[in-house]
There are 2 protein chains.
Amino acid sequence: MVDKLIDGAGCLLKPLERSVSSELKQSYLFARLDEEQIQRVEAMSRRVGLSDGQYLFQAGEKATRFYLVTQGQIKLYRLALNGNEKVIEIISPGHTFAEASMFQESPNFPVNASAIGETELYSFDNSAFLGMLRESVDTCFRLMGDMSQRLKRLIKEIDDLTLQSATGRVAGFLWGRWNAGKANGNTIELNVPKGVLASRLSVKPETFSRILHNFSEQKLIQVHGSSIEVIDEEGLYRHAESAGICGGSLSPDL
Amino acid sequence: MVDKLIDGAGCLLKPLERSVSSELKQSYLFARLDEEQIQRVEAMSRRVGLSDGQYLFQAGEKATRFYLVTQGQIKLYRLALNGNEKVIEIISPGHTFAEASMFQESPNFPVNASAIGETELYSFDNSAFLGMLRESVDTCFRLMGDMSQRLKRLIKEIDDLTLQSATGRVAGFLWGRWNAGKANGNTIELNVPKGVLASRLSVKPETFSRILHNFSEQKLIQVHGSSIEVIDEEGLYRHAESAGICGGSLSPDL
DNA sequence: GACAATCTTTGATAAACGTCAACACAAAGG
DNA sequence: CCTTTGTGTTGACGTTTATCAAAGATTGTC
């Protein structure tokens with residue numbers, strides 16, 4: 001499951017001259033920085049490459065940098081003493097993570113981070129970035145927006161865990177993904193190993209498999225390896241909402 | 001369970017001349033504002049009083065203000081369609097809440113809020129406060145620190161939910177509270193109704209009761225109404241850690 | 001102090017999910 | 001080509017926790 005612990009940083013790639021600034025600007029956080037600021041961010045950045053399963057950092061480590069994914073995926077997860085792992089979040093290209101610990105007195109990562117597939121990212125020095133933040137209230141605001149979004153997401157996650165059954169969570173996930181990518185003709189591509197997804201949904205792999213099987217039998221979906229065809233959207237939604245949230249006009253994407 | 005929906009604001013108390021600024025300064029968020037800024041915050045504040053069970057706001061409502069509790073407690077919770085409620089957080093005096101939604105494009109409260117016991121609070125206008133934030137990077141930083149703390153707490157909450165059994169969660173809670181208030185001679189005061197606490201721990205009241213009963217039989221604790229005497233700290237800790245977190249030197253208070 | 005309302009406890013029952021173990025299947029590598 | 005390793009599936013079984021129902025406790029109120 002885990003490949004090897006690389007000395008806290010994975011293998012360092014040399015910075016690409018090409019399109020660093022354009023890559024940075026993909027991220028909401030850096031999007032509206034001016035050229036001079038982008039230059040400074042670049043200067044404090046390092047490019048890191050990880051192969052599948054490699055650690056980026058472990059929970060409890062001192063947090064001195066934060067990250068932007070440009071390729072592949074990063075899974076943030078926690079471990080129980082018995083070895084159980086729970087995936088908290090899966091970070092896709094264009095998104096930053098670990099930027100919240102910047103503001104802690106003695107910053108430690110609250111989660112473990114490792115790569116899913118071949119992954120590339122930038123890392124940025126916390127204190128240097130903090131320095132820049134001090135000069136730009138605008139960027140502060142952007143960051144705060146980002147954090148408040150994350151807060152909302154986590155709260156949503158907590159409901160899902162407590163108010164929904166495992167079956168409901170899986171149904172909700174499928175329904176959400178189906179809605180997100182209606183373009184692809186009723187087919188959802190799980191671009192993550194099923195085991196990881198199961199953990200993300202807080203379900204054991206065996207149970208996840210069984211639930212998908214059930215849904216198949218109920219003619220709600222049809223599974224072909226890691227792509228899932230949605231047959232009965234209605235039915236799926238019924239399963240998802242049966243334990244879902246009310247008291248709020250929460251957008252489905254939340 | 002719920003008293004009555006007051007028109008979005010509870011009953012308005014008239015501002016007390018007395019010690020508003022000193023009360024504000026209790027909160028981390030306002031602590032280091034200068035006198036002029038405190039004045040401005042005061043000007044945008046309203047004092048609100050709620051009696052037990054009264055709504056402050058509901059999930060989905062437009063969020064235009066945020067709050068500081070000065071007396072009593074506020075419970076933030078979510079509702080499932082079947083009426084189940086899950087308490088996300090219990091806010092005690094000196095703490096602010098709902099300040100994160102300020103930064104959302106179209107801010108809506110992600111949770112419901114209602115009072116536990118006689119409760120008093122200040123509310124502050126989002127846009128006015130945002131204006132002030134623009135002028136004070138320092139306050140931005142403080143706010144970001146606050147938010148990142150909340151993020152960490154929520155992540156911790158998610159582990160507790162997924163990596164721990166109900167029994168472990170209760171044990172962990174008791175152990176944490178025992179550690180927090182060692183002064184009080186091995187006795188923990190639950191200053192919240194057991195049902196609310198159960199929800200906070202994501203356990204049904206019945207189950208909560210049974211778990212306490214079990215712990216009693218195992219001579220770990222002794223229950224006297226809403227105060228609990230810890231007899232065997234070790235044993236309690238064993239229960240808590242059996243499914244607890246590793247891979248991190250997470251402080252017990254996290 | 002007595003009554004009502006609410007909260008808490010207790011018991012019996014059942015469903016959902018996790019665990020353990022074996023097996024299928026695919027991709028990777030000799 | 002055949003092993004090997006990782007990953008997903010299936011089955012049998014056990015445990016935990018929710019649910020339903022009802023009886024005690026507490027609290028507040030008149």
Side-chain angles (χ1 to χ4, degrees), chain A residues 1-4 51-53 75 80 82-87 114 116-118 160-171 190-217 221-228 239 242-243, chain B residues 1-4 51-53 75 80 82-87 114 116-118 160-171 190-217 221-228 239 242-243:
Chain A
M1 176 165 296
V2 152
D3 214 38
K4 191 180 158 195
S51 54
D52 186 60
K75 82 175 168 192
N82 56 24
N84 273 4
E85 96 173 31
K86 157 66 185 164
V87 175
S114 70
I116 303 176
E118 291 299 314
D160 286 352
L161 288 176
T162 56
L163 302 174
Q164 303 230 135
S165 62
T167 309
R169 285 199 299 276
V170 174
L190 319 172
N191 31 29
V192 184
K194 281 184 182 169
V196 175
L197 199 54
S199 171
R200 174 74 240 293
L201 297 168
S202 295
V203 174
K204 296 288 150 186
E206 295 96 323
T207 306
F208 184 63
S209 177
R210 273 185 258 267
I211 290 174
L212 288 184
H213 188 85
N214 280 348
F215 286 171
S216 281
E217 278 186 334
I221 60 173
Q222 210 161 345
V223 184
H224 308 99
S226 77
S227 72
I228 292 176
H239 271 285
S242 71
Chain B
M1 179 164 294
V2 151
D3 216 39
K4 191 180 157 196
S51 54
D52 186 60
K75 82 175 170 194
N82 55 24
N84 273 3
E85 94 174 33
K86 156 65 184 166
V87 176
S114 71
I116 303 177
E118 290 300 314
D160 286 350
L161 288 175
T162 55
L163 303 173
Q164 302 229 135
S165 63
T167 310
R169 284 199 299 276
V170 174
L190 318 172
N191 30 30
V192 185
K194 281 183 182 168
V196 175
L197 199 55
S199 171
R200 174 72 241 292
L201 296 168
S202 295
V203 174
K204 297 288 153 190
E206 295 96 321
T207 307
F208 184 63
S209 176
R210 276 186 254 266
I211 290 173
L212 288 184
H213 187 84
N214 280 348
F215 286 171
S216 280
E217 279 186 334
I221 61 174
Q222 209 161 347
V223 184
H224 307 97
S226 78
S227 72
I228 292 176
H239 271 284
S242 72

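Throughout, protein chains are lettered first and strands after them, A, B, ... in sequence-line order, and every chain is numbered starting at 1. Everything quoted here is computed from the prediction, not taken from an experiment.
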Rounded distance (Å) that lies between atom C1' of dC17(C) and atom CG of Leu161(B): 16 Å

Side chain to side chain contact (heavy atoms under 4.5 Å, CB included) with Val196(B): which of Leu201(B), Val87(B), Leu190(B)? Val87(B)

Are Pro193(B) and Ile116(B) close enough that some pair of their side-chain heavy atoms sits under 4.5 Å apart? yes

Is any side-chain N or O of Lys194(B) closer than 4.0 Å to OP1 or OP2 of dT26(D)? no

Asp52(A) CG to dT7(D) P, straight-line distance once rounded to whole Å: 8 Å

Quick one: which residue pairs count as a salt bridge (charged side-chain N to carboxylate O under 4.0 Å, His left out) with a foot in residues 196-205 of chain B, not counting sequence neighbours? Glu157(B)-Arg200(B)

Roughly, in whole Å, what's the span from CG in Asn214(B) to P in dT8(C)? 18 Å

Contacts of Ala198(A) that satisfy side-chain contact (heavy atoms from CB on, under 4.5 Å) - sequence neighbours left out: Phe208(A)

Between dT16(D) and Thr167(B), is there an OP1 or OP2 to side-chain N/O distance shorter than 4.0 Å? no

Do Lys86(B) and Ser202(B) make a side-chain contact, defined as non-hydrogen atoms from C-beta onward lying under 4.5 Å apart? yes

Over how many whole Å does the gap from Gln164(B) atom CD to dT17(D) atom P extend? 11 Å

His213(B) side-chain N/O to dT9(C) phosphate OP1/OP2 under 4.0 Å: no

Check: Thr167(B) side chain, His239(B) main-chain N or O, donor-acceptor pair, under 3.5 Å: no

Pull out every residue in residues 197-211 of chain A that has a heavy atom closer than 4.0 Å to any atom of DNA chain D, ordered by number, or say none. Glu206(A), Ser209(A), Arg210(A)

